[in-house]
Student: 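I have a structure I would like to understand better, so I am pasting it below and will then ask my questions one at a time.
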Amino acid sequence: MIYVEEQTICNQPTRTLPLRQVNVVAKRWFKIWRGYTDDNGKFTVTKNFRNRVKVIIKTQNVNARVSKVRGIRLWQMLFPCRKRIGIFNGSDLANIRYVFTKPTDGSANNKDLAYWAAATTHNSIVEFKQYTTEFGLMQPPSNLRVVVTNWGFMENSGAAPMWNKCNNTNLTLFVGHFISGSSLIVPGILYLINTVRNQMDLIIGYKSTDYNCVLTSSQLRSTVYHELGHAQHYVQAGCNFWDAYRDAITLELTKLDQTNFHPYGTGADTRSAPIIATGEMWGNHCEKWYSERHYGNGSPISTNFFSRLQGSVFFNNTFENINANLWSLENFNPNRQSDVHRWIPQGLPYDLWDNRNDNNSPIIDNASGFTINQSFNALQSDVRSIPAFRDRLLQQNGNLQFLQVNSLFNEYNY
């Protein structure tokens, strides 16, 4: 049985969860058995090994290949994260119990931390696929290339460039951000960069500003859900949209001369802000919608539970009787000057769905009943701004609640 340690809340006891549908290899010289754990973390070796046998766990299946990359070891992204859990006598195979644990050493260079992050990410991908089926939404693509890394610029964050699925030959913006020094831009280096780049659909950072309270299973899982939401959006919107979307984000990342740098920009650049607002709206929604399904599933979460979104922290709101994940969406205020992301309407799909009338501010919400599917279906390839999302949503649904929907979008300053 194979497990991964779950730390839901900082400074609280942990538990073990099954590592689901992960690749297991048992081998002795040229005798090899390959299989997968089930949803209970169990696997059964169907070959008979009479002598000592090596058992290896690889974080891969048909959904995704999760690689770990520490520092400049870029070759690691060519392979799944591979952990040899031991060498056993054949008769001992039935008694194997291994747990991928979060190490007590909080260094981002800790090898065991990379294994734990890869295992947690692997489980999160399996969960996202399961919940997507429950929700009746479009699945992200199979065979995703996912990298978990301690790169400094990915601290407390993730990315969904989808380079493996949606590759182009335009390296200008990418090189401008990630490679310093024009002397390096030679054909051989460009070929290497392109090869490495195309191993990445999703990037999940496990370096954190707070090892105990920010780098928890729940926060890492929410990052994975966010990026898988983008992958889901990619399937519907296609490469034409994604080329424009990631170029807009990279454009903002290259503005290193900003006095107050933000990875998505300030919302003022009309070349980048409209499509970023559209993409991040859905990513933020999936992050919290799926996290609520996993941790709350409609019922109260532990009173100590908290949720982070765009740098802010949200706790369970007992007065409004809403859990932290959904409160992070419901609490959004487009006029909150301290929120540099106030131009990204992260609570909009939730407000279109819920039946709560928010007359007590910050949003007056009289629209309700639009399913998550209806919001997602409006995110087509040519929908590259929030007004375009509103118009497509109304068009696809016979102008249902026309006045209420327009009023709600106006509340979001769109």
Student: Please lay out, stage by stage, how Asn23 and Asn61 fare under the test side chain to side chain contact (heavy atoms under 4.5 Å, CB included).
Tutor: CA-CA 6 Å; Asn23 187 209; Asn61 55 28; over 6 Å; no
Student: Could you pull out all residues at least two apart from His341 that satisfy ring pair (Phe, Tyr, Trp, His ring centres under 6.0 Å)?
Tutor: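 Checked His341 against ring pair (Phe, Tyr, Trp, His ring centres under 6.0 Å); matches are Tyr264.
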Student: Taking ring pair (Phe, Tyr, Trp, His ring centres under 6.0 Å) as the test, write out the residues that go with Tyr350, two or more places apart.
Tutor: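 Partners of Tyr350 under the ring pair (Phe, Tyr, Trp, His ring centres under 6.0 Å) test: Trp353.
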Student: Would Arg20 and Gln130 count as having a side-chain donor-acceptor pair, cut-off 3.5 Å?
Tutor: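 Side chains of Arg20 and Gln130: pair found under 3.5 Å.
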Student: NE2 of His285 to CG of Leu352: how many Å apart, nearest 0.5 Å?
Tutor: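 Result: 9.5 Å between the selected atoms.
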Student: Could you tell me which non-hydrogen atom of Val383 sits nearest to which non-hydrogen atom of Ala388, and how far apart they are?
Tutor: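 For Val383 and Ala388, the tightest heavy-atom pair comes out as CG1-C, 3.8 Å.
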Student: Just to verify, what does Glu6 make a side-chain hydrogen bond (donor to acceptor under 3.5 Å, both in side chains) with, not counting sequence neighbours?
Tutor: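 side-chain hydrogen bond (donor to acceptor under 3.5 Å, both in side chains) list for Glu6, sorted by chain: Thr8, Arg221, Tyr295.
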Student: May I ask you to check whether over 12 heavy atoms, not counting those of Lys31, lie within 6.0 Å of atom NZ?
Tutor: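 Atom NZ in Lys31 is packed in, count exceeds 12.
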Student: To the nearest 0.5 Å, how far apart are CD in Glu127 and OG1 in Thr132?
Tutor: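 Rounded to the nearest 0.5 Å, the CD-OG1 separation comes out at 11.0 Å.
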Student: Residues two or more places apart in sequence or in another chain: which of them pass ring pair (Phe, Tyr, Trp, His ring centres under 6.0 Å) with Tyr98?
Tutor: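 For Tyr98 the ring pair (Phe, Tyr, Trp, His ring centres under 6.0 Å) partners, ignoring immediate neighbours, are Phe100.
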Student: Would you say the ring centroid of Tyr245 lies under 6.0 angstrom from that of His233?
Tutor: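 Distance test on ring centres: not under 6.0 Å, no.
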Student: Would you indicate whether Lys27, at its atom NZ, is surrounded by more than 12 heavy atoms from other residues, nucleotides or ligands within a distance under 6.0 Å?
Tutor: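 Open: at most 12 neighbouring heavy atoms sit under 6.0 Å from NZ of Lys27.
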Student: Is any side-chain heavy atom of Cys286 less than 4.5 Å from a side-chain heavy atom of Tyr225?
Tutor: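 No, every pair of side-chain atoms sits at 4.5 Å or beyond.
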Student: Within the 3.5 Å criterion, strictly below it, is a donor on Ser272 or Glu252 matched to an acceptor on the partner's side chain?
Tutor: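 Indeed, the side chains of Ser272 and Glu252 share at least one donor-acceptor pair under 3.5 Å.
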Student: What residues form a salt bridge (Lys or Arg N to Asp or Glu O under 4.0 Å) with Arg384, not counting sequence neighbours?
Tutor: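 For Arg384 there are no salt bridge (Lys or Arg N to Asp or Glu O under 4.0 Å) partners, ignoring immediate neighbours.
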Student: Does a side chain donor of either Asn325 or Arg293 reach within less than 3.5 Å of an acceptor in the other side chain?
Tutor: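 Not at all, the side chains of Asn325 and Arg293 share no donor-acceptor pair under 3.5 Å.
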Student: State, with a plain yes or no, whether a side-chain heavy atom of Val4 is found less than 4.5 Å away from one of Asn123.
Tutor: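 In short, these two side chains touch, coming nearer than 4.5 Å.
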Student: Going by salt bridge (Lys or Arg N to Asp or Glu O under 4.0 Å), name the residues that satisfy it together with Glu411, two or more places apart in sequence or in a different chain.
Tutor: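 Here no residue qualifies.
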Student: For a side chain to side chain contact (heavy atoms under 4.5 Å, CB included) check, start with the C-alpha distance between Ile85 and Phe88, then their side-chain angles and the critical distance, and finish with the verdict.
Tutor: CA-CA 9 Å; Ile85 64 172; Phe88 306 90; 4.2 Å; yes
Student: Determine, step by step, whether Asn413 and Trp343 satisfy the side chain to side chain contact (heavy atoms under 4.5 Å, CB included) criterion, reporting the C-alpha distance in whole Å, the side-chain angles of both residues, the deciding distance to 0.1 Å, and the verdict.
Tutor: CA-CA 8 Å; Asn413 295 328; Trp343 52 279; over 6 Å; no
Student: Show me the donor-acceptor pairs within less than 3.5 Å that the side chains of residues 368-381 make with the rest of the protein, sequence neighbours left out.
Tutor:
{"residue": "Thr371", "atom": "OG1", "partner": "Asn373", "partner atom": "N", "Å": "3.4"}
{"residue": "Thr371", "atom": "OG1", "partner": "Gln374", "partner atom": "N", "Å": "3.0"}
{"residue": "Thr371", "atom": "OG1", "partner": "Gln374", "partner atom": "OE1", "Å": "3.4"}
{"residue": "Asn373", "atom": "ND2", "partner": "Gly136", "partner atom": "O", "Å": "3.0"}
{"residue": "Gln374", "atom": "OE1", "partner": "Thr371", "partner atom": "N", "Å": "2.8"}
{"residue": "Gln374", "atom": "NE2", "partner": "Asn397", "partner atom": "OD1", "Å": "2.7"}
{"residue": "Asn377", "atom": "ND2", "partner": "Asn373", "partner atom": "O", "Å": "3.1"}
{"residue": "Gln380", "atom": "OE1", "partner": "Arg392", "partner atom": "NH1", "Å": "2.5"}
{"residue": "Gln380", "atom": "OE1", "partner": "Gln396", "partner atom": "NE2", "Å": "3.4"}
{"residue": "Ser381", "atom": "OG", "partner": "Ala237", "partner atom": "O", "Å": "3.0"}

Student: Quick one: disulfide (SG to SG under 2.5 Å) pairs with a partner in residues 84-120, sequence neighbours left out?
Tutor: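 Sorted result for residues 84-120: empty, none.
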Student: Are side-chain N/O atoms of Ser307 and Lys288 paired as donor and acceptor at under 3.5 Å?
Tutor: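 On atom types as modelled, these side chains qualify, holding a pair under 3.5 Å.
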Student: Determine whether the aromatic ring centres of residues Phe389 and Tyr414 are separated by less than 6.0 angstrom.
Tutor: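 Between Tyr414 and Phe389, the centre distance exceeds or equals 6.0 Å.
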Student: Take Asp39 and Gln21 through the side-chain hydrogen bond (donor to acceptor under 3.5 Å, both in side chains) test and state the conclusion after the steps.
Tutor: CA-CA 6 Å; Asp39 285 339; Gln21 301 172 32; 2.8 Å; yes
Student: Partners of Ser124 by side-chain hydrogen bond (donor to acceptor under 3.5 Å, both in side chains), sequence neighbours excluded?
Tutor: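 With sequence neighbours excluded, Ser124 shows a side-chain hydrogen bond (donor to acceptor under 3.5 Å, both in side chains) to no residue whatsoever.
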Student: A side-chain contact here means heavy atoms from C-beta on lying under 4.5 Å apart; do Thr216 and Ile9 qualify?
Tutor: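 With C-beta onward as the side chain, the pair stays apart.
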Student: Quick one, Gln346 and Leu309 - any side-chain contact, counting heavy atoms below 4.5 Å?
Tutor: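 In short, these two side chains touch, coming nearer than 4.5 Å.
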Student: Less than 6.0 angstrom from the centroid, inside 45 degrees of the normal: does Arg308 satisfy that with respect to the ring of Phe314?
Tutor: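 No - Arg308 does not lie over the ring of Phe314 by the 6.0 Å and 45° rule.
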Student: State whether a side-chain donor-acceptor pair under 3.5 Å links Glu5 with Thr14.
Tutor: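 Note: Glu5 and Thr14 side chains meet the donor-acceptor criterion.
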Student: Closest approach of Glu330 and Ile322, non-hydrogen atoms and distance?
Tutor: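 Residues Glu330 and Ile322, closest heavy atoms: CB-CD1, 4.0 Å.
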Student: Quick one: is the NZ or CZ of Lys102 closer than 6.0 Å to the six-membered ring centre of Tyr211, and within 45° of its axis?
Tutor: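 Output yes; distance and angle both within limits.
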Student: We want to know whether Asn323 and Asn317 form a side-chain donor-acceptor pair, criterion being a heavy-atom distance below 3.5 angstrom.
Tutor: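 Per modelled atom types, Asn323 and Asn317 side chains form no pair under 3.5 Å.
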Student: Ignoring hydrogens, what is the shortest heavy-atom contact between Ala248 and Ile275? Give both atom names and the distance.
Tutor: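 Looking at all heavy atoms of both residues, the shortest contact is CB-CG2, 3.6 Å.
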Student: Closest approach of Pro140 and Leu144, non-hydrogen atoms and distance?
Tutor: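 Shortest heavy-atom contact: CB-CD1, 4.4 Å.
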Student: By the definition side-chain hydrogen bond (donor to acceptor under 3.5 Å, both in side chains), identify the one residue from Gln236, His230, Gln232 that meets it with Trp282.
Tutor: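 Of the listed residues Gln236, His230, Gln232, the side-chain hydrogen bond (donor to acceptor under 3.5 Å, both in side chains) partner of Trp282 is Gln232.
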Student: Between atom OG1 of Thr120 and atom CG of Leu220, what is the distance when rounded to the nearest 0.5 Å?
Tutor: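 Spacing of OG1 (Thr120) from CG (Leu220) equals 5.5 Å.
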Student: Using a cut-off of 6.0 Å, state whether more than 12 heavy atoms not belonging to Arg34 lie near its atom CZ.
Tutor: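 Not more than 12 within 6.0 Å, no.
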Student: Ring pair (Phe, Tyr, Trp, His ring centres under 6.0 Å) with Phe128: which residues, sequence neighbours excluded?
Tutor: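 Counting only residues at least two positions away or on another chain, Phe128 forms a ring pair (Phe, Tyr, Trp, His ring centres under 6.0 Å) with Tyr290.
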Student: Quick one: closest heavy-atom pair of Gln60 and Tyr36, and the distance?
Tutor: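 Smallest heavy-atom distance, with atoms named: O-CE2, 3.5 Å.
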Student: Using side-chain heavy atoms (C-beta onward) and a distance below 4.5 Å, is Asn284 in contact with Gln310?
Tutor: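 Heavy-atom side-chain distance check passes, below 4.5 Å.
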Student: Rounded to the nearest 0.5 Å, how far apart are CG of Leu19 and CG of Asp38?
Tutor: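 Leu19 atom CG to Asp38 atom CG measures 11.0 Å (nearest 0.5 Å).
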Student: Determine the minimum heavy-atom distance between Tyr412 and Gly347, stating which atoms define it.
Tutor: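 What the structure gives for the nearest pair is OH-C, 3.1 Å.
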Student: Between Ile56 and Lys83, does a side chain to side chain contact (heavy atoms under 4.5 Å, CB included) hold up when you go through it step by step?
Tutor: CA-CA 6 Å; Ile56 300 165; Lys83 176 65 175 178; over 6 Å; no
Student: Could you state the interatomic distance from OG1 (Thr223) to CD1 (Ile203), rounded to the nearest 0.5 Å?
Tutor: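 These two atoms lie 13.0 Å from each other.
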Student: For Glu287, check side-chain hydrogen bond (donor to acceptor under 3.5 Å, both in side chains) against everything at least two apart and list the hits.
Tutor: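 Once residues adjacent in sequence are excluded, the partners of Glu287 under the side-chain hydrogen bond (donor to acceptor under 3.5 Å, both in side chains) criterion are His226.
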Student: Looking at residues at least two apart in the chain, or sitting in another chain, which of them share a side-chain hydrogen bond (donor to acceptor under 3.5 Å, both in side chains) with Trp116?
Tutor: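 With sequence neighbours excluded, Trp116 shows a side-chain hydrogen bond (donor to acceptor under 3.5 Å, both in side chains) to no residue whatsoever.
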Student: Do Asp201 and Arg145 meet the salt-bridge criterion of a basic N to acidic O distance under 4.0 Å?
Tutor: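 Looking at Asp201 together with Arg145, the answer is no, because their closest N to O distance does not fall below 4.0 Å.
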